[in-house]
Peer 1: 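First the structure, then my questions, so here it is.
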Amino acid sequence: MNALTSLPTAILETSAARILLAKPKARFSLRARGDLAPFEAALGLSLGGPLGTRASTGSRETIRLAPDEWMLHSTPSDAAAIEGACAALYDAHPHSLVSVSAREVTVVIEGPRAAELLTIGCPRDIAKIEPGSGRRTVFDGVTVILWRDAEDSFRMDVWNSFAPHLIDLLKIGARELAAEVA
Amino acid sequence: MLLIHCPYCNETLPELEYAYAGEAHIARPANPSEVSDEEWAEFLFMRSNVKGIHYERWRHLHGCGRFFNAVRDTVSDKFLTTYEAGAPRPDLDTLVNTPAEGGK
Ligand SMILES: [Zn+2]
């Protein structure tokens, strides 16, 4: 488990999966076009690759969501440094860096049947999301960003207003899967 | 469920990630104040509503967020191809004779 998900709050644990709420983090939506090299240099992260590609250095972590869009996570104490690094680029490389830290929460889903649990709300073939990559997708009608950290470990970013519904659904699913096992 | 190929994500994905966005290749008049009411109404409201091969827009709403174009047979619901927004209409003869990677 990496620094970003350290000390999460446990929500539910069954024999099928564990559901936890990650600690608050700094979140930025970055939109940029053209030459990405200055942004990579400023942030210390690689931004290239197919959609769904992730990169990380230290506490910073990024995922490419669209040809010109990335989600950037870090520790809250790193937020000012990220804003400063991008602001210094603004004149030469116009872009948009928006703090969305207060907009969403991250739910951690892990355990032997974590991937199967996701199929209750996500129509995608979860197996096609390689560990170490991620995707923006849909879960029970709600747009989420799914980070696959390992074969049996996922993080799901979801907007605050949808989180109670989505977490309840995951809890029901985790209990049902566990009941099947038993 | 339809499976639709997103030309930006380069993946064939469930319809639930997408939103339909109407007929494709309808250009907004460059200078709206110069067109007649009839021409403006034509642009706003009139669509071809074909039975058969249809050029249409989709948006990968719960994904990359991009609008793109598709060619779909409205009778069979088969996608012949999908292509990036701004690209020209693909040639129909080639499409019909070469089975698509654009969706299923
Ligand atoms: Zn896409």
Side-chain angles (χ1 to χ4, degrees), chain A residues 29-33 36 47-54 62-71 96 98 100 103-104 115 118-130 133-148 154 156-159 161-163 165-166 169, chain B residues 1-28 54-74 76-90 99-104:
Chain A
S29 170
L30 171 67
R31 305 291 302 260
R33 287 180 186 174
L36 299 177
L47 297 174
L51 304 191
T53 301
R54 287 163 49 176
T62 187
I63 179 169
R64 190 172 204 178
L65 299 175
D68 62 350
E69 181 183 1
W70 293 261
M71 175 58 69
S96 152
V98 177
V100 293
R103 183 180 75 179
E104 46 201 67
L118 293 174
T119 64
I120 68 170
C122 182
R124 267 193 186 245
D125 182 358
I126 303 294
K128 285 193 178 157
I129 303 174
E130 295 288 322
S133 75
R135 294 291 188 281
R136 182 159 54 192
T137 179
V138 64
F139 195 89
D140 200 44
V142 179
T143 300
V144 298
I145 299 173
L146 199 57
W147 308 66
R148 186 170 203 170
F154 298 83
M156 191 188 278
D157 299 345
V158 56
W159 287 23
S161 53
F162 300 116
H165 163 67
L166 199 139
L169 190 63
Chain B
M1 187 188 314
L2 297 175
L3 293 174
I4 303 173
H5 183 88
C6 173
Y8 295 95
C9 293
N10 201 21
E11 284 187 283
T12 302
L13 300 166
E15 182 191 355
L16 288 175
E17 288 199 355
Y18 297 87
Y20 182 67
E23 188 171 350
H25 300 288
I26 293 176
R28 182 184 166 89
H54 189 230
Y55 293 85
E56 58 194 19
R57 300 167 80 218
W58 285 82
R59 184 178 177 218
H60 193 185
L61 176 66
H62 303 293
C64 64
R66 294 287 137 153
F67 283 90
F68 59 91
N69 293 333
V71 185
R72 179 177 60 98
D73 187 325
T74 60
S76 64
D77 242 358
K78 294 278 182 215
F79 281 82
L80 300 180
T81 191
T82 58
Y83 52 103
E84 295 190 3
R89 282 173 200 258
E101 35 157 306
K104 292 187 178 103

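Within every chain, numbering begins at 1; the chains are lettered A, B, ... in the order of the sequence lines, protein sequences first and strands thereafter. What you see is a predicted model, and the numbers here were worked out from it, not measured in a lab.
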Peer 1: Which bit of B:L13 comes within less than 4.5 Å of chain A, counting heavy atoms only: side chain, backbone, both or neither?
Peer 2: side chain

Peer 1: Can you say whether B:E15 sits under 4.5 Å from chain A via the side chain, the backbone, both, or neither, judging by heavy atoms?
Peer 2: neither

Peer 1: Identify which of A:I145, A:V144, A:T143 forms the greatest number of heavy-atom pairs closer than 4.5 Å to chain B.
Peer 2: A:T143

Peer 1: Testing the basics here: between A:E69 and B:C64, what is the closest heavy-atom pair and its distance to 0.1 Å?
Peer 2: OE1-O, 4.5 Å

Peer 1: Side chain from CB out, backbone as N, CA, C, O: work out which of these in A:P123 comes under 4.5 Å of a heavy atom of chain B, or both, or neither.
Peer 2: both

Peer 1: Please determine, among A:L65, A:D125, A:T137, the option with the most heavy-atom pairs under 4.5 Å with chain B.
Peer 2: A:T137

Peer 1: Below 4.5 Å from any heavy atom of chain B, which atoms of A:R124 appear? Answer side chain, backbone, both or neither.
Peer 2: both

Peer 1: Using salt bridge (charged side-chain N to carboxylate O under 4.0 Å, His left out) as the criterion, list what pairs up with A:R33, not counting sequence neighbours.
Peer 2: A:D68

Peer 1: Less than 4.0 Å between a side-chain N and a carboxylate O, is that true for A:K128 and B:E11?
Peer 2: no

Peer 1: Where is the tightest heavy-atom contact between A:V138 and B:L16, given as atom of each residue plus distance?
Peer 2: CG1-O, 4.2 Å

